[in-house]
A.B. asks: 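Can you read through this structure? Questions will come right after.
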2 protein chains.
Amino acid sequence: MLDLAILGLLSECEFHGYEIRKRLRDELGLFANISFGSLYPALSRLELSGAVVGTESIGATPASAPIPLTGSLGGERAALRSRRAGTTRGTKRSRKVYRITDTGRRVFEELLAAEEPVGTDEARSFGLRLAFARHLAPQARLGLLERRRDQLIRRLAADRARAAAGGDFDSYTRSLVEHRTETTQHDISWLDSLIESEKQKQATPPTDNRSTRTVGSRSAAAKGTEL
Amino acid sequence: MLDLAILGLLSECEFHGYEIRKRLRDELGLFANISFGSLYPALSRLELSGAVVGTESIGATPASAPIPLTGSLGGERAALRSRRAGTTRGTKRSRKVYRITDTGRRVFEELLAAEEPVGTDEARSFGLRLAFARHLAPQARLGLLERRRDQLIRRLAADRARAAAGGDFDSYTRSLVEHRTETTQHDISWLDSLIESEKQKQATPPTDNRSTRTVGSRSAAAKGTEL
DNA sequence: GCATTGATATATCGGTCTGATATATCATGT
DNA sequence: ACATGATATATCAGACCGATATATCAATGC
């Protein structure tokens, strides 16, 4: 889960731990606030397995900055300032910058294409994979969408069975189940439109006919579903 | 989290571990498939702290069945059958039946009324508390709903900031964030209607004027929200 | 000037939950 | 007779979270 997110981030740019946390929090909103107690062990794990390499970057960076692309680090400004002021001592603030390796890219693609674990944070797992869907082969992408759709269909069936059978719910519980059902239906419609637009894209492979519009948004949902 | 769910279940009836798992899975759909690796430790924890007592119930139950209320246990049928067949040996299948104590009820109310942890499984945590909302004081119930609403408002703001600022998303990521935004809006509307109907209920406390209809379903959402 | 606050940065610890696995009893179908 | 599957409990490694510790530095206030 975390490994996939980290590798996905690093596949585009190199970062240090603290920055990875921020990106994961701000970029997609799928990870509220990754704990350092899971982030740093994850980075160690990935480094040990050779998926990433971490280089100790101890300030005092020369003007030809190999500073990572992040343009807003207090440390960098401090380094510049101290150099401008004539102090030769760079900042001693240590940052370990991580870079993905070829092995890492392979691992990333494996994780991304892997069968999703069921029952454990399904929504987050799917969301994360969808956010990196551009790295998937078209056919694998379609598989991802359809597996997620199946999950939701099963959930809808379970919710309906609950509503039909039991029934000894109080009004709060009843409202909870009702709302869940509606939400699941909405999710399924969304997936239907994603799947439809994905199939359309694959049907016309060569000429990229102005299909830059947001995928699956507001297009009539696939008619089959029977909600 | 699990403790709250377990105590809530046991507050109505006594169960053994396996049955608790089933109920948690089937009843609300909030827990997909609780792992025994968390369930049994949780029960031990609760027993050690005096919130529940577990009595080893080794089959051979007399006909005046103090069998827990679950009417569908293979073991029970087996016991009956073996008795009918003249065998004095009851089933040796051991089950540990857990019963909530007064301490446990107190702990349950504390957990239920406690400030929800943020960021960690917010949806599940809220859903669980809503399912037990009947055990809350009206004012605490309103607090629960309004805290949840605040969470969602914050999420909506964050998602909009993401959509506004960044913008270097591919079509999949864009669709993901769009869909999340819609879902959050839907959740807020739902909470608005729950809050509205809760306030209405509290405004007219004495005469229970036919308010048995499902709470907050289909009623015009509170107008203020500005979605 | 200098102290407090807050952002940046890494690390570790205890505790909770998951997934896998082991072990056993019993019912049912073939 | 034998396999399959539901019932029932238990344990383990590993992932993740929340809290906490530590340190550097910027900005703010007095």
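Lettering of chains follows the sequences in order, A, B, ..., and the numbering in each one begins at 1.
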A.B. asks: For the residue pair B:His186 / A:Glu182, report whether a side-chain donor-acceptor contact shorter than 3.5 Å exists.
C.D. replies: yes
A.B. asks: How would you label the contact of B:Leu2 with the nucleic acid (heavy atoms, under 4.0 Å): base, sugar-phosphate, or nothing?
C.D. replies: sugar-phosphate
A.B. asks: Which residue is it: A:Glu122, A:Glu115, A:Glu116? I am looking for the one with a salt bridge (charged side-chain N to carboxylate O under 4.0 Å, His left out) to A:Arg129.
C.D. replies: A:Glu116
A.B. asks: For A:Tyr98 and A:Val118, find the nucleotide of DNA chain C closest to each by heavy atoms; which residue's nucleotide sits nearer the 5' end?
C.D. replies: A:Tyr98
A.B. asks: Would you mind classifying the nucleic acid contact of A:Gly17 as base, sugar-phosphate or nothing, using non-hydrogen atoms under 4.0 angstrom?
C.D. replies: sugar-phosphate
A.B. asks: Could you state the atom-to-atom distance from CD1 of A:Ile20 to C1' of C:dT8 in whole Å?
C.D. replies: 15 Å
A.B. asks: Could you walk me through whether B:Leu10 and B:Ile20 pass the side-chain contact (heavy atoms from CB on, under 4.5 Å) check?
C.D. replies: CA-CA 9 Å; B:Leu10 293 183; B:Ile20 290 176; 4.2 Å; yes
A.B. asks: Both A:Ser35 and B:Lys96 contact DNA chain D. Taking the nearest nucleotide for each, which residue is further toward the 5' end?
C.D. replies: B:Lys96
A.B. asks: Between D:dA10 and B:Tyr40, is there an OP1 or OP2 to side-chain N/O distance shorter than 4.0 Å?
C.D. replies: no
A.B. asks: Roughly how many Å is it from CZ in A:Phe36 to P in C:dT8, rounded to a whole number?
C.D. replies: 10 Å
A.B. asks: Contact class for B:Arg21 (heavy atom, under 4.0 Å): base, sugar-phosphate, or nothing?
C.D. replies: nothing
A.B. asks: Could you tell me the separation between the CZ atom of B:Phe15 and the P atom of D:dA8, rounded to a whole number of Å?
C.D. replies: 12 Å
A.B. asks: Heavy atoms from C-beta onward define the side chain here; which of C:dT10, C:dT16, D:dT9 lies closest to that of A:Tyr18?
C.D. replies: C:dT10
A.B. asks: Using the benzene-type ring in the case of Trp, are the ring centres of A:Phe132 and A:Phe108 under 6.0 Å apart?
C.D. replies: yes
A.B. asks: Take the protein atom CD1 of B:Ile34 and the nucleotide atom P of C:dA20, then report the distance between them rounded to whole Å.
C.D. replies: 15 Å
A.B. asks: Taking only side-chain nitrogens and oxygens of B:Lys22, does any of them come within less than 4.0 Å of OP1 or OP2 of D:dA8?
C.D. replies: no
A.B. asks: Atom CD of A:Glu19 and atom P of C:dT10: how far apart are they, to the nearest Å?
C.D. replies: 10 Å
A.B. asks: Counting only side-chain heavy atoms from C-beta out, which of C:dA7, C:dT18, D:dC17 sits nearest to A:Ser38?
C.D. replies: D:dC17
A.B. asks: Round to the nearest Å and state the distance from B:Leu39 atom CG to C:dG15 atom P.
C.D. replies: 20 Å
A.B. asks: Quick one about B:Tyr98 and B:Glu19 (side-chain donor to acceptor, distance below 3.5 Å, no hydrogens or angles considered), yes or no?
C.D. replies: no
A.B. asks: Nearest of C:dT12, C:dT10, D:dC17 to any side-chain atom of A:His16?
C.D. replies: C:dT10
A.B. asks: Please report the distance, rounded to the nearest Å, between CG in A:Leu24 and C1' in D:dC17.
C.D. replies: 15 Å
A.B. asks: Determine: side-chain N/O of A:Arg95 to OP1/OP2 of D:dA23, distance under 4.0 Å, yes or no.
C.D. replies: no
A.B. asks: Roughly, in whole Å, what's the span from CG in B:Asp121 to P in D:dC16?
C.D. replies: 14 Å
